[in-house]
There are 2 protein chains.
Amino acid sequence: MTANDNGGLRERKKAATREALSAAALRLALEHGPQNVRVDDIAEAAGVSPRTYNNYFSSREAAIVAAVAAERALRVGAALRERPADEPLAEAVIEAVVSQYDEPGLPAGELLKLVASTAGLRTEFVGTVAAIEQPIANAIATRTGDEGLAPKVLAAAVSAAARVAVENWIRPAEDDEEQAGGSLLVVPSGSLPDLLRKALASVAPALEAADPAAP
Amino acid sequence: MTANDNGGLRERKKAATREALSAAALRLALEHGPQNVRVDDIAEAAGVSPRTYNNYFSSREAAIVAAVAAERALRVGAALRERPADEPLAEAVIEAVVSQYDEPGLPAGELLKLVASTAGLRTEFVGTVAAIEQPIANAIATRTGDEGLAPKVLAAAVSAAARVAVENWIRPAEDDEEQAGGSLLVVPSGSLPDLLRKALASVAPALEAADPAAP
DNA sequence: CCACAAACTTGCGTGCACGCATAGATTCGC
DNA sequence: GCGAATCTATGCGTGCACGCAAGTTTGTGG
């Protein structure tokens, strides 16, 4: 094989198209407001057909959020595998998750306002957190050697806890919504890493109970 | 007020319409296969306009699954509140959840095959489990007096665990899918109550750690 | 009993997601 | 290099979800 998963022209083109779509989506959303951006506009701005848009993203919101979520979730698996093997499971998981939702690239300012104040984008953004579940389940299964339900359940619990943290982080000021209005108070609840640690602390006992290293 | 939330004509009609839609949806799905049922067909069979269908159910699958899910999830809140106050939190939650997913009305036979072998219905059915989250969060908040994140996180973890249990219960035989084919092996993983207990046991330590009754 | 308010139904229009078939690009094997 | 296998882009058609603005039914107060 000349190239299959990385340097190949095909792969690079796909990545470029995805990137172009995502960037165009975000730019248009910021320019005209997320409600005023049609899928066709995004496709056109990226130079592909509308049909192709849906080959890359399965919803109008997905492309916008992808520009902001930056596959953060997918990297949790790698982060977890790289933690020292003698670290307690709970600590490893918590640090791996928090590390991916630390400062760099997190929506802030205009971006955050955009996502937080639009129902569809908020839902989509919160939904991206679920992507951490599979990688974590695999990592826990490897660590514990358990082949049953437990790793899946624990990963689901961790993912759910992270989701709650993100929900509470990005919760808008309840009343105002949509409409590019004026000053909406968002993210009053503290930093995301702090929220994540608080949330994950509640499920930590379950991880500890499943940790073969510290019975 | 003559009637507002129960005996009123309006409420009864709404309930009847909802029931009619749900029943029609299920019947048509069983008769012609879920893929061959249009929203318009369901609406017509129930004697309402297609537009009205979407006033009651937000997706084509929702009506079918509603006929099977029977608001099981919503009753978890009531079940939990009715558990003795001196029972440990973990036990109360587990029993409340399991009690609602016990025998009566669970999809079985043709029904189960229908739901399990259709991707859309499976997703929708699994999704109904999430409805237990809010009630459980409220109940835990009441029990523990905690007003912060913990109850939400724990409820999310419980809900996630239950979801994993249901996913594994209803998992089809991997290969065959859709198409009213012949004998597909579904639900090989044991009874749902057993799966739920196994799954919830993994998150129980987190509940115990938050239980004020047993510090 | 009647008029007004509140809630529900319906038709219409729009945007969206996606299966399918075809044409075009890239990669593979030799 | 070259042809075949594989993957991607696109157009078309269908079904679906939902906002909106009447029109209709049900509930409330006098």
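Below, each value reflects all heavy atoms present in this structure, side chains not excepted, and no hydrogens, waters or symmetry copies. Convention: sequence-line order gives letters A, B, ...; per-chain numbering from 1. None of the values given here were measured: they were computed from a predicted structure.
Computed from coordinates, the B/Q35 CD to D/dT14 P distance equals 18 Å when rounded to whole Å. Atom NE2 in A/H32 sits roughly 18 Å away from atom C1' in C/dG15 (whole-Å rounding). Taking atom CG on A/N55 and atom P on C/dA21, their separation rounds to 16 Å, with Å as the unit. Put simply, CG on A/D40 is 17 Å from P on D/dA9, counting in whole angstrom units. When rounded to the nearest whole Å, the span between CG of B/N36 and C1' of D/dG15 equals 13 Å. When rounded to the nearest whole Å, the span between CD of B/E124 and P of D/dC16 equals 14 Å. Note: CD (A/E11) to C1' (D/dC7) measures 10 Å, nearest angstrom. Summarising the geometry, the separation between NZ on A/K14 and P on D/dT10 is reported as 14 Å, rounded to the nearest angstrom.
No donor-acceptor pair under 3.5 Å is formed between the side chain of B/D41 and the backbone N or O of B/V37. Judged by distance alone, with hydrogens and angles left aside, the side-chain atoms of B/T52 form no donor-acceptor pair with the main-chain N or O of B/V48 at under 3.5 Å. Side-chain atoms of A/R122 come within 3.5 Å of backbone N or O of A/A116 as a donor-acceptor pair. Under the 3.5 Å distance criterion, the side-chain polar atoms of B/T128 are matched with a main-chain donor or acceptor of B/F125.
Note on B/Y56: a side-chain N or O is less than 4.0 Å away from OP1 or OP2 of C/dT9. In this structure, B/S49 does not reach the C/dT9 phosphate: none of its side-chain N or O atoms is under 4.0 Å from OP1 or OP2.
One finds no salt bridge joining B/E133 and B/R163 here, because no Lys/Arg side-chain nitrogen approaches an Asp/Glu carboxylate oxygen to under 4.0 Å. Ion pairing of B/E95 with B/R197 is present here, as a side-chain N (NZ or NE/NH1/NH2) and a carboxylate O approach within less than 4.0 Å.
Atom CG in A/L21 sits 6.0 Å away from atom CZ in A/F57 (nearest 0.5 Å). We find the CG-CD1 distance between B/L114 and B/I64 to be 6.5 Å, quoted to the nearest 0.5 Å.
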message: Under the criterion salt bridge (Lys or Arg N to Asp or Glu O under 4.0 Å), I'd like the reasoning laid out for A/E124 against A/R60: C-alpha separation, chi angles, the key distance, then a yes or no.
response: CA-CA 10 Å; A/E124 186 75 23; A/R60 189 172 61 89; over 6 Å; no
statement: Given protein heavy atoms under 4.0 Å, the one-letter contact record of nucleotides 17-25 of chain D, with B base, S sugar-phosphate only and - none, is simply BBBB----B
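Comparing C/dT10, C/dT26, D/dT10 by their nearest atom to the side chain of A/V48 picks out D/dT10.
Two end axes, each from the C1' atoms of five base pairs, can be drawn for the helix from C/dC1-D/dG30 to C/dC30-D/dG1; they diverge by 40°, to 10 degrees.
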